[in-house]
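Single-structure report; data block below.
These numbers come from a predicted model, not from an experiment. Worth knowing before you read on, the calculation uses all heavy atoms, side chains too, and leaves out hydrogens, waters and symmetry mates.
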Amino acid sequence: MTIKANRTIGSVTDDTKTVQLNWPWWLHPAVATLMLTGVTAATAITFGEDSFTTWGVQKYIQGEYALLLTIGIIAFLAGLIIPTLSVLRSGPSVIVLTSHQVVFLRTAYRFLFTLTILGYLFWAISAVLQGISLADLASVVDREEKAISELKASSRPIAGLTTLTQFGPLTAALGAFLFRAGLLKLSFLWVVPLALIRTLFYAERLALLEVLIPILIVVAVTTYRKNRWTWLLRLGPLIAAPFVWIVFASSEYFRSWVYYQTITTLSFPEWVTTRLLGYYVTGYNNSALMSMTSPGLEVPPYFSASLFWNAPGVDAFAPHPGIGGASPESWWVSILELYGNPEFNNTGSFLAVNGEIGTLGMILYWLVTGLVIGGVYVGLRRGSITASLAYSVFYIGILELPRFIYWTQGRAFPLLLAVIFIALGYPRARLGLTKRTQKNTATLGN
């Protein structure tokens, strides 16, 4: 049986749906790591000490720490590559959905979408109850100095309730997949303007990227390779880079530029470009600083495993002992005030782990992390729907490696829970049906 290839979806039997998956070159986790982490790390290492004065910091990422950073990146790349060797030459894969699986995915989507909307609703109600008015929002749009910082201070999120907004990335990924399968309309796109509100009024740029990146990943892998839009997907990174710049520039225009436009001689595009680069370069520099000042194994690792310490209930039974008599966050702020620049407060990733658990621990940590991410990518290449959804949100962490370890952040906790929920609850197809549909789809693309 031959399925026409001019569309992503084809019917194999009356009660199944198929989605063909293809692989843009930039989708491989090792390629993504080299493109962003590799390039920005090399930039941080090769920049002279005078360049770091642009961001008001001393250069620490040199010598021993430059070598350790390189070792950490190599360990992560090794972990990514090893499991993916088995699928490097594999062709397009096919996800076959039975009627039971379709019902499960639709139910899961409605559940996640509802939780996400409730999270934003709780956030809005909380903001009103804390005294936020339309005048406060207008002050941000009018670019009044400190408007965003005052708004954030006066409207703090509620742990456990507003956290529900973090189901948004997986909602976007699952919604996009169901849309591509012809099983859902465009309701999932509501998470985009909601995330945009956080970006504008709370300067939370990552919130917008967290929902756009999974949508891009799903669209990319479910677009047939002969589609007339394929050339856009092949240029994905070249298109994404200016888009990220635009998002960052738009956010900074309403935030930091309100102040800096009065003291800098740079034009706005020059200043934004320098500041954006600074967020990445100082991330590596800060991680070297953390590696220098961290108490190491004298206290339990925090920044390498903050997801555990911030998980619901942990603080009541096993709170982190702190560092130097202060909470880890307060300790880090004090280190930046003494030796860095609090404006650029990213902890970095590779060397932050080195500072907390030592060089051998760092190597094992990043090797195992790479193996896990690489294994999820292999599942995607083999047509696993749960792996496809998981990878679309894990990919965010790959892109954030220069700044921090996304997967261990509290904001990633709801995503991990949702991925586990879908993986455990997803109905398995009968073996006979699987073999029959594999045979029927063998001629896809002919």
Side-chain angles (χ1 to χ4, degrees), residues 8-9 17 19 95 97-128 157-202 204-222 312 376 380 384-397 406-407 409-427:
T8 306
I9 310 305
K17 288 277 189 179
V19 181
I95 292 179
L97 301 174
T98 66
S99 58
H100 293 296
Q101 291 168 339
V102 168
V103 170
F104 174 82
L105 292 176
R106 281 174 163 168
T107 303
Y109 167 76
R110 286 193 293 267
F111 181 66
L112 292 174
F113 182 81
T114 300
L115 290 179
T116 303
I117 297 301
L118 283 175
Y120 280 102
L121 181 61
F122 289 140
W123 204 325
I125 293 174
S126 171
V128 172
I158 303 174
L161 293 179
T162 55
T163 307
L164 295 176
T165 59
Q166 283 307 121
F167 286 111
L170 195 59
T171 300
L174 181 52
F177 178 82
L178 291 174
F179 172 74
R180 297 289 292 166
L183 301 169
L184 184 72
K185 295 183 179 180
L186 294 172
S187 61
F188 68 95
L189 290 180
W190 276 106
V191 299
V192 176
L194 291 173
L196 185 59
I197 291 174
R198 289 166 64 185
T199 299
L200 175 59
F201 293 105
Y202 284 83
E204 199 177 342
R205 292 175 287 264
L206 183 55
L208 181 59
L209 297 178
E210 279 178 318
V211 296
L212 291 179
I213 290 173
I215 292 174
L216 171 63
I217 298 296
V218 171
V219 170
V221 300
T222 57
V376 173
L380 163 67
S384 166
I385 176 59
T386 54
S388 301
L389 296 174
Y391 189 72
S392 70
V393 294
F394 288 173
Y395 197 86
I396 302 168
Y406 176 82
W407 307 296
Q409 298 289 306
R411 66 191 305 130
F413 184 71
L415 294 177
L416 295 177
L417 279 182
V419 166
I420 293 172
F421 166 77
I422 292 176
L424 294 178
Y426 187 67

*Are side-chain heavy atoms of Ile117 and Leu194 found at a separation under 4.5 Å?*
yes
_Side-chain heavy atoms of Thr116 within contact of Phe188, under 4.5 Å_ = no
_Is any side-chain heavy atom of Ile422 closer than 4.5 Å to one of Ile385?_
no
*Measure across Ala387 and Ser384 and return the closest heavy-atom pair with its distance rounded to 0.1 Å.*
N-OG, 3.1 Å
*Are the side chain of Thr171 and the backbone N or O of Phe167 linked by a donor-acceptor pair below 3.5 Å?*
yes
*Look up atom CG in Leu170 and atom CZ in Phe113, then write down how far apart they are to the nearest 0.5 Å.*
14.0 Å
_Straight-line distance of Leu389 CG to Tyr109 OH, nearest 0.5 Å_ = 13.0 Å
*Atom pair CD1 (Ile420) and OG1 (Thr386), whose distance is rounded to the nearest 0.5 Å*: 11.5 Å
*Check whether any side-chain N or O of Gln166 sits under 3.5 Å from a backbone N or O of Thr163 as a donor-acceptor pair, and report yes or no.*
no
_Test your reading of the model: is there a side-chain donor-acceptor pair from Thr107 to the backbone of Val103, 3.5 Å cut-off?_
yes
*Heavy atoms, side chains only, cut-off 4.5 Å: are Thr165 and Leu115 in contact?*
no
_Let me confirm one number: the CD1-CD distance from Ile396 to Gln409, rounded to the nearest 0.5 Å._
12.5 Å
*Minimum heavy-atom separation for Arg110 to Thr114, with atom names?*
O-OG1, 2.7 Å
*Give a yes or no on whether the backbone of Glu204 and the side-chain of Thr199 come within a donor-acceptor separation of less than 3.5 Å.*
yes
*Evaluate the criterion side chain to side chain contact (heavy atoms under 4.5 Å, CB included) for residue pair Lys17 and Leu183; output intermediate values, then yes/no.*
CA-CA 10 Å; Lys17 288 277 189 179; Leu183 301 169; 4.1 Å; yes
*Heavy atoms only: give me the nearest Pro169-Val211 pair and the separation to one decimal.*
N-CG1, 4.0 Å
*Beyond-backbone contact of Pro214 with Tyr395, side-chain heavy atoms, under 4.5 angstrom*: no
*Measure the shortest side-chain to side-chain distance between Ile95 and Phe177 over non-hydrogen atoms and say whether it is less than 4.5 angstrom.*
yes
*Quick one: pull up CG in Leu164 and CG in Leu112 and give me the separation to the nearest 0.5 Å.*
10.5 Å
_Test item: Trp407 side-chain N/O and Phe394 main-chain N/O as donor-acceptor pair under 3.5 Å_ = yes
*asked:* As an exercise, state the distance from OG of Ser392 to CD1 of Ile215, rounded to the nearest 0.5 Å.
replied: 9.5 Å
*No-hydrogen, no-angle side-chain donor-acceptor test under 3.5 Å, Tyr406 and Arg411*: no
_Just so I know, are the side chains of Arg180 and Val19 near enough to count as touching, which here means a heavy-atom distance under 4.5 Å?_
no
_Leu105 side chain near Leu178 side chain, heavy-atom distance below 4.5 Å_ = yes
_Tyr426 atom OH, over 12 foreign heavy atoms within 6.0 Å_ = yes
*Specify whether Trp123 and Tyr120 have parallel, tilted or perpendicular ring planes, treating 30° as the upper limit for parallel and 60° as the lower limit for perpendicular.*
parallel
